[in-house]
Amino acid sequence: MIKAVWILLGMMGVLLGVQLIYVLFLMVCDLLVDPKKEYDHCDRFYFKVLNSAACYSFLLGRLKIRLEGGEKVPWDRRFLLVSNHCSNFDPIITWYLLRKNNIAFVSKKENFKVPLFGRMIRKCGFLEIDRENPREAVRTLAKAADLIRRDAASVGIYPEGTRNRTPEKGLLPFHNGVFKIAQMAKAPVVVAKLHGTDQIRKRYPWRRTKVCLEILEVIPGEEIVGVRTSEIGERVAKLLTPVNTSQE
């Protein structure tokens, strides 16, 4: 009995040691990135490191994730991905499930200061947007379109602009200007719906959370050329709203 306890303690010690080494590795990778530099492509090494860190976060968060409708995704070309936004885990889950297409998100400045993740997402082509400066925001959207045009990465962005803390009440008002990214890049818009991410903070760490990223529709690039962004926003909202209603 005593021997079994020592073996168990030894295994726990090894496991904790491995985790510590991994966290130190992430810290070193993070520190090697220049926080003031804007990277215009996705670094393959950091992309793999980021996805390994995503897996680690799923393990800690007790998340079981899956992709539905993946056959609709245009894997052979770059696109603009839009979806609902209810949790800090949303972009992590999305870029991991769609990792074949290197999703670079347009994100608020604060996310680039998050320990272990902040600098690495910069290295993977994620773009910082200044919500308080409209002129700079427009420049960021142009840079995002350029990522798609150059085949450097697909781009992900949330039309709601911020986390929706009350998804049961419906979508937040859209910032329709985000659809200019697809118009400038002449790229398709992949409309997706995340199910279950709003439950993560309620269940963690005691209960497992099942999360699904559902691909609802792909709007071809030629269908949005010359169309007002408000019309695109209405079309996307209509796709998302029925799903919201049926799932709640």
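A quick note: this is a predicted structure, and the numbers were derived from the prediction, not measured.
- Note: the hydrophobic cluster containing I103 does not contain L216 (ILVMFWY, side chain heavy atoms under 4.5 Å, direct or indirect links).
- Between K113 and E110 there is no salt bridge, since no side-chain N of the basic residue sits under 4.0 Å from a carboxylate O of the acidic one.
- Of the possible donor and acceptor atoms, none in the side chain of D43 sits under 3.5 Å from a partner among the backbone N and O of K123.
- D90 contributes a side-chain N or O that, together with a main-chain N or O of S87, makes up a donor-acceptor pair within less than 3.5 Å.
- Residues S52 and Y22 are in side-chain contact: their nearest non-hydrogen atoms beyond the backbone lie under 4.5 Å apart.
- The shortest side-chain heavy-atom distance between V211 and K64 does not fall under the 4.5 Å cut-off.
- Here the side chains of P74 and D76 are in contact, with some heavy-atom distance below 4.5 Å.
- For R150, the side chain to side chain contact (heavy atoms under 4.5 Å, CB included) criterion is met by D40, D146, L147, A152, not counting sequence neighbours.
- Note on R235 versus E223: salt bridge recorded, some NZ/NE/NH1/NH2 to OD/OE distance being below 4.0 Å.
- Applying the ring-ring contact (aromatic ring centres under 6.0 Å, His included) rule to F79 yields no partners; only residues at least two apart in sequence or on another chain are considered.
- One finds the CD atom of E214 at 9.0 Å from the NZ atom of K193 (value rounded to the nearest 0.5 Å).
- At least one side-chain heavy atom of D34 sits under 4.5 Å from a side-chain heavy atom of Y39.
- For F58, the ring-ring contact (aromatic ring centres under 6.0 Å, His included) partners two or more places apart in sequence, or in a different chain, are Y96.
- In this structure R66 satisfies the salt bridge (charged side-chain N to carboxylate O under 4.0 Å, His left out) test together with E68, sequence neighbours excluded.
- Both F45 and F126 are assigned to one and the same hydrophobic cluster, defined by single-linkage of ILVMFWY side chains at heavy-atom distances under 4.5 Å.
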Mind running side chain to side chain contact (heavy atoms under 4.5 Å, CB included) on S57 and I92 for me, showing each step along the way?
CA-CA 9 Å; S57 71; I92 304 173; 4.0 Å; yes
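- Remark: C212 SG to I65 CD1 distance equals 10.5 Å, nearest 0.5 Å.
- Taking the salt bridge (charged side-chain N to carboxylate O under 4.0 Å, His left out) definition, one finds that K143 meets it with E38, sequence neighbours left out.
- The hydrophobic clustering, which links ILVMFWY residues whose side-chain heavy atoms are closer than 4.5 Å, places V218 and V155 apart.
- Side-chain contact between V236 and I219: present, with at least one pair of heavy atoms (C-beta onward) separated by less than 4.5 Å.
- Of the possible donor and acceptor atoms, one in the side chain of D30 sits under 3.5 Å from a partner among the backbone N and O of R119.
- By the criterion of side-chain heavy atoms lying less than 4.5 angstrom apart, applied directly or through intervening Ile, Leu, Val, Met, Phe, Trp or Tyr residues, V28 is grouped together with F25 in one hydrophobic cluster.
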I would like to know whether E128 and K108 meet salt bridge (Lys or Arg N to Asp or Glu O under 4.0 Å); could you show each step before the answer?
CA-CA 6 Å; E128 182 180 304; K108 62 182 181 181; over 6 Å; no
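- The local environment of CZ in R201 is sparse, with at most 12 non-hydrogen atoms from other residues, nucleotides or ligands closer than 6.0 Å.
- Atom CE of M27 is separated from atom CG of L116 by 7.0 Å, given to the nearest 0.5 angstrom.
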Taking it one step at a time, do V189 and V191 satisfy side chain to side chain contact (heavy atoms under 4.5 Å, CB included)?
CA-CA 6 Å; V189 178; V191 184; 4.2 Å; yes
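- In this structure, the side chains of T209 and R62 stay at 4.5 Å or more apart for every pair of heavy atoms.
- The CG atom of L172 lies 8.5 Å from the SG atom of C86; values are rounded to the nearest 0.5 Å.
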Can you list the steps and then say if F105 with T94 is a side chain to side chain contact (heavy atoms under 4.5 Å, CB included)?
CA-CA 10 Å; F105 274 86; T94 302; 3.8 Å; yes
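- T241 OG1 to E234 CD: the interatomic distance, rounded to the nearest 0.5 Å, is 11.0 Å.
- For the pair L80/V190, no side-chain contact is recorded, criterion being any heavy-atom separation below 4.5 Å from C-beta on.
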Step by step, work out the ring pair (Phe, Tyr, Trp, His ring centres under 6.0 Å) result for W95 and F47.
CA-CA 10 Å; W95 86 58; F47 183 73; 8.5 Å; no
Starting from the C-alpha separation in whole Å, work towards a yes-or-no answer on side-chain hydrogen bond (donor to acceptor under 3.5 Å, both in side chains) for H85 and N164.
CA-CA 6 Å; H85 187 24; N164 186 348; over 6 Å; no
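- With rounding to the nearest 0.5 Å, the separation of CZ in F117 from CD1 in I121 is 9.0 Å.
- Cluster annotation: M120 is connected to L24 through the hydrophobic network of ILVMFWY side chains, with a link wherever side-chain heavy atoms come within less than 4.5 Å.
- Counted within 6.0 Å of CZ on R165, heavy atoms from surrounding residues, nucleotides or ligands total 12 or fewer; the atom is thus considered open.
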What's the verdict on side chain to side chain contact (heavy atoms under 4.5 Å, CB included) for Y46 and V33, showing C-alpha distance, side-chain angles and the deciding distance?
CA-CA 10 Å; Y46 274 89; V33 180; 3.6 Å; yes
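- Under the 4.5 Å side-chain criterion, counting only non-hydrogen atoms from C-beta, K100 is not in contact with V73.
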I'd like a table of donor-acceptor pairs (distance under 3.5 Å, sequence neighbours excluded) in which one partner is a side-chain atom from residues 174-187, with atom names and distances.
from	atom 1	to	atom 2	distance (Å)
Q183	NE2	I224	O	2.9
Q183	NE2	V227	O	2.6

